[in-house]
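I have placed the structure first, in the form of structure tokens, so that the comments after it can refer back to it.
As the structure is a prediction and not an experimental result, all values here were calculated from the model. Per chain, numbering begins at 1; letters A, B, ... match sequence-line order.
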Amino acid sequence: MGAAAKHKLGYMDEHYQPNKIEQEAQRYWEEQQVFKAREDSTQEKYYCLSMFPYPSGKLHMGHVRNYTIGDVIARYQRMQGKNVLQPMGWDAFGLPAENAAMQNKVPPARWTYDNIAAMRKQLRSLGFAYDWERELATCDPKYYRWEQWLFTRLFKKGVIYKKSGVVNWDPVDQTVLANEQVIEGRGWRSGAPVEKREIPMYYFRITAYADELLAGLDHLPGWPEQVKAMQRNWIGKSRGMEVYFPYAGGNGVLKVFTTRPDTLMGATYVAVAAEHPLAAKAAAKNAKLHAFIEECKKGGVTEAELATQEKKGMATGEFVMHPFTGEKLPVWVANYVLMGYGEGAVMAVPAHDERDFEFATRYQLPIKQVIRPADANCAEPLTAAYTEHGVLFNSGEFDGLDFEGAFNKMEAALKAKKLGESRIQFRLRDWGISRQRYWGCPIPIIHCSRCGDVPAPDDQLPVVLPEDIVPDGSGNPLAKLARFYETSCPRCGGKARRETDTMDTFVESSWYYARYCAPDATHGMVDGRARHWLPVDQYIGGIEHAILHLLYARFFHKLMRDEGLVTGDEPFTKLLTQGMVLAETFYRVHASGKKEYFFPRDVKIERDAKGRTVAASLNSDGQPVTVGGIETMSKSKNNGVDPQQLIDQYGADTARLFMMFAAPPEQSLEWSDAGVEGASRFLKRLWKLAVAHVSQGTVAAFNGQYSLTPEQSELRRAVHRALAKVSDDVGRRYTFNTAIAAVMELTNALTKFDDASDTGRALMQEALEIVTLTLSPIVPHVAHALWRALGHQEAAVNARWPQVDESALISDTIDLVVQVNGKLRGHVSVASGAAREAVEAAALADANVKRYIEGRQIRKLIVVPGKLVNIVVA
RNA sequence: GCCCGAGUGGCGAAAUUGGUAGACGCAAGGGACUUAAAAUCCCUCGGCCUAAACAGCCAUGCCGGUUCGAUUCCGGCCUCGGGCACCA
């Protein structure tokens, strides 16, 4: 390049220098405060939110993917002229901080705030369009104060209540363990056998909202079906009947719940859970039964353990009477009956329930068939339970009825005898939020021996968590910290003890989306600004939160609505669940059987002539390693790639581009170093193309006012066709991979377009402007630099999304495909407005087509305008 | 067991409403430039047949169906991934 041409580049460098242009762009955005969101009622609002991270200390690739998707959507909406809010914050309470504290002897608060600083810096270097003034951390008393405030209100309302719950208890560490922390029945830290213990806990009455949480899913068209299905499953609504079995020779009834009242006449015994009051009563006079019940209670509480357990039981010696026949039925204790569902008791119908069949067979209890298929008789004797719906027999007055008929008639009969009625049962349980841990939001309750559990009054909030503690791993340090728990009762003024449990960290993450609207509100959880911004228009996060977080947040939104804090029933209008980031694994199996995983960059891959991987070896010793397949990036598989390395080496734009290009957002993404190289190459090519254009001097973009040669019109058609596709892909479909592919295709065409005429250069200017703007949500830094280089004073970040010029899409001729009997036989070119007859004639005239229709009778001619002609011959 | 989702070249993927299967990228092979290498640029690239083809045949997990036409719709199966699970 000559000196004169170089001069014309202005401040555009001849070579693409990501670090330099990224710093420049970020400095500009920060100085101009372009991402600061203001409540402006004259502009349409758009609230784009990505799930906030746990401040572990370092971003991982999953974060980069999540936040890039969110940023692309936010920046696109901004270019549509919307007033965009995109905030970021920290889900800052939780166990890892306590573990790190124990290891490093540093208080969790210090560790957490240091991590936040490090990760904030990383996020900034990726150029996300966040309004950093709204940043929040859930461990900040200014945040959790309002959580405590809501807690006290809900406690007074009865939406939060206290009861004893069964938990995993580590007797050495004196703490409750999560199911994940129980390994083969022992505490993960202490190694002590875990006990089941009943301790008092605070619960959110989420079951009161079960119906609304379920029904609301039908009004969320912007949510993935998969997530809705998982939530429906979790809530687990079933319609059934409560049936009362009167105690034989005593007062009262034994309640059971069943979804199959039609099988009632086949009940041959009744089974209760080990924790059922009747079991305890019977055990009082029966030592063997007592021992059996204790054994049942000792077993693990995890679902997996329960599912694999063998069915066991013991007769209680008690009897109940069948509500219709009066027949005496024995009551058994069975380990397959759960205290937490229904009534903790079931009517057992061995003929029509698999579990009851297995149990009855084992203990030789009677099996009575009462349901048969509508068109056949049942096998006699049964070899397995018949669990389908069918027609009743052996059921007296109910014989011949189907499921619905039996349900209704049985309900009427039970009601008449006051021995039962229909009921809806949910699988969903109330949400226990007490945690015997230090690094969490204190539960704002004061225990007074005279006044009971008293919520902390508003003027005593927040109940501040001391931040200078280093936990030692045994129990909750708050319970040993007199300056924390010693207090006085707000009601009677007497000596009282503060609750030392903290809340489940899912509580903080259930309402942060609302707090971002008014992060500095000092008089309430949120203020009027929440009504301006909510609901979140687009929420983006991992599928792993499909149930818990997303269900709790929906629940909280309804709680806040019922407190008059927010309007609307749902917090998130649209939800996008991004796929995982995967990478290749390599390992060696050692003599001990232990697998050692190697970092992919330390491994050399050998390929065959077709490029297939045939073997791999370690760079350091040249010896072979096993190719372990594609797995989720993780520490244990040693296949994680550090985003920082990637940013340092290639720049943020390359990282963002690769992430968006490798797969559509909802699918899993396979990491590929070569793919990253490819993304980087594309940006270099684009830069070079712009340099070549700009170095020839400035030119105004083509405005459509003068005529073009066929080559020029073809190029302009390609430009606007690409624009139309990218607009749809980014704006509607969220298929950023195909949007990028379309721009790449266009860039390839531009590289080949060699036209130095004024018109040609004006077309190139228009094309480069469109490429720059359509890529700008994905690679905002390079777009910022290119936009300036193309001669614009206004920054790219403030530019509007370009408009398709429909007139550019019109072509004089259209290429059609000609099929004979559905097989492709030729191509023809016709005038775009050609009549059907002309199209048919052209198709029939094609030389190759003629070979296939010659001497045959044409039975049908199908013309799909603009697409194809299919000639059907006999 | 129940509920979702997915199966397309050597690989990641595309084909949006039933209309040209494999866009775009990666890897691989060949060439140009270079003292050389890297970088860059150009060409080839599903399989079979063929000297070659813009001639043909086969091909979207398998088997069938609907249709002028099926990766796409329907039925049955297989495999993989995810979720839930003694939920009465």
Side-chain angles (χ1 to χ4, degrees), chain A residues 224-230 232-234 236 238 240 256-260 263 271 303-304 306-311 334-338 340-349 353-356 358-359 387 425-429 543-544 546-547 580 605 607-614 630 658 661-664 666-679 681-682 684-685 688 725 728-729 732-733 735 737-745 747-748 751 815-827 848 851 859-862 864 866-873:
Chain A
E225 283 307 321
Q226 191 196 0
V227 173
K228 289 191 277 188
M230 280 162 70
R232 279 190 194 103
N233 212 315
W234 185 264
S238 37
V256 307
F257 176 76
T258 179
T259 54
R260 292 296 303 273
T263 66
E303 310 286 9
L306 290 174
T308 50
Q309 254 171 30
E310 216 182 325
K311 286 190 183 33
N335 66 346
Y336 72 91
V337 181
L338 303 173
Y341 186 80
E343 300 294 334
V346 299
M347 64 175 211
V349 185
D353 181 281
E354 279 174 30
R355 295 152 302 180
D356 298 343
E358 191 187 328
F359 192 85
T387 58
Q425 175 71 38
F426 290 96
R427 205 191 75 101
L428 184 71
R429 317 281 173 80
I543 185 79
E544 67 273 20
I547 299 172
M580 309 241 236
I605 294 168
R607 297 174 196 281
D608 66 11
K610 290 200 166 178
R612 272 181 293 228
T613 302
V614 287
I630 314 281
F658 169 72
F661 181 59
E666 311 223 58
Q667 262 177 54
S668 60
L669 180 151
E670 263 182 52
W671 185 262
S672 151
D673 283 335
V676 175
E677 287 281 354
R681 262 201 298 271
F682 169 72
K684 283 185 206 156
R685 270 203 303 271
K688 212 167 116 182
K725 167 141 183 75
D728 189 43
D729 285 354
R732 179 181 64 88
R733 296 210 304 155
T735 51
N737 56 330
T738 54
I740 294 164
V743 177
M744 285 177 169
E745 199 177 357
T747 307
N748 291 343
T751 308
D815 292 325
L816 294 181
V817 159
V818 186
Q819 298 179 337
V820 178
N821 285 347
K823 281 194 187 277
L824 177 66
R825 298 300 180 195
H827 299 261
N848 198 44
R851 288 177 42 204
R859 295 167 53 158
K860 217 172 186 179
L861 255 170
I862 291 142
V864 183
K867 288 253 166 72
L868 59 75
V869 179
N870 189 11
I871 302 162
V872 185
V873 296

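For the pair Lys311(A) and Phe359(A), the NZ or CZ position fails the cation-pi test of under 6.0 Å to the six-membered ring centre and within 45 degrees of the ring normal.
Arg260(A) places a side-chain N or O within donor-acceptor distance of the main-chain N or O of Thr387(A), the cut-off being under 3.5 Å.
Between Arg685(A) atom CZ and C41(B) atom C1' there is a gap of 11 Å when expressed in whole angstrom units. Here G19(B) presents its P atom at 19 Å from CG of Asp815(A), a figure rounded to the nearest Å. Rounded to whole Å, the distance from CG on Asp728(A) to P on U16(B) is 12 Å. Between the CD1 atom of Ile740(A) and the C1' atom of C26(B) there is a distance of 15 Å, given to the nearest Å.
Partner assigned to G56(B) is C48(B), using Watson-Crick or G-U wobble distances below 3.5 angstrom.
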How does protein contact run along nucleotides 63-74 of chain B, one letter per nucleotide 5' to 3', with B for base contact, S for sugar-phosphate only, - for none, heavy atoms under 4.0 Å? -----B------
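Here the CZ-CZ distance, from Arg851(A) to Arg825(A), works out to 8.5 Å after rounding to the nearest 0.5 Å. For the atom pair Leu428(A) CG and Tyr341(A) OH, the distance stands at 11.0 Å (nearest 0.5 Å).
Salt-bridge annotation for Arg355(A) and Glu358(A): absent, with no side-chain N of the basic residue lying under 4.0 Å from a carboxylate O of the acidic one.
Set against G19(B), A88(B), C86(B), the side chain of Asn335(A) has C86(B) as its closest nucleotide. Ranking C24(B), G19(B), C87(B) by closeness to the Glu745(A) side chain, first place goes to C24(B). For Asn233(A), counting side-chain heavy atoms from C-beta on, the closest listed nucleotide (G25(B), A88(B), C3(B)) is C3(B).
Base orientation of G46(B): anti (glycosidic angle beyond 90° from 0).
Under 4.0 angstrom from either OP1 or OP2 of A85(B) there lies at least one side-chain N or O belonging to Arg427(A).
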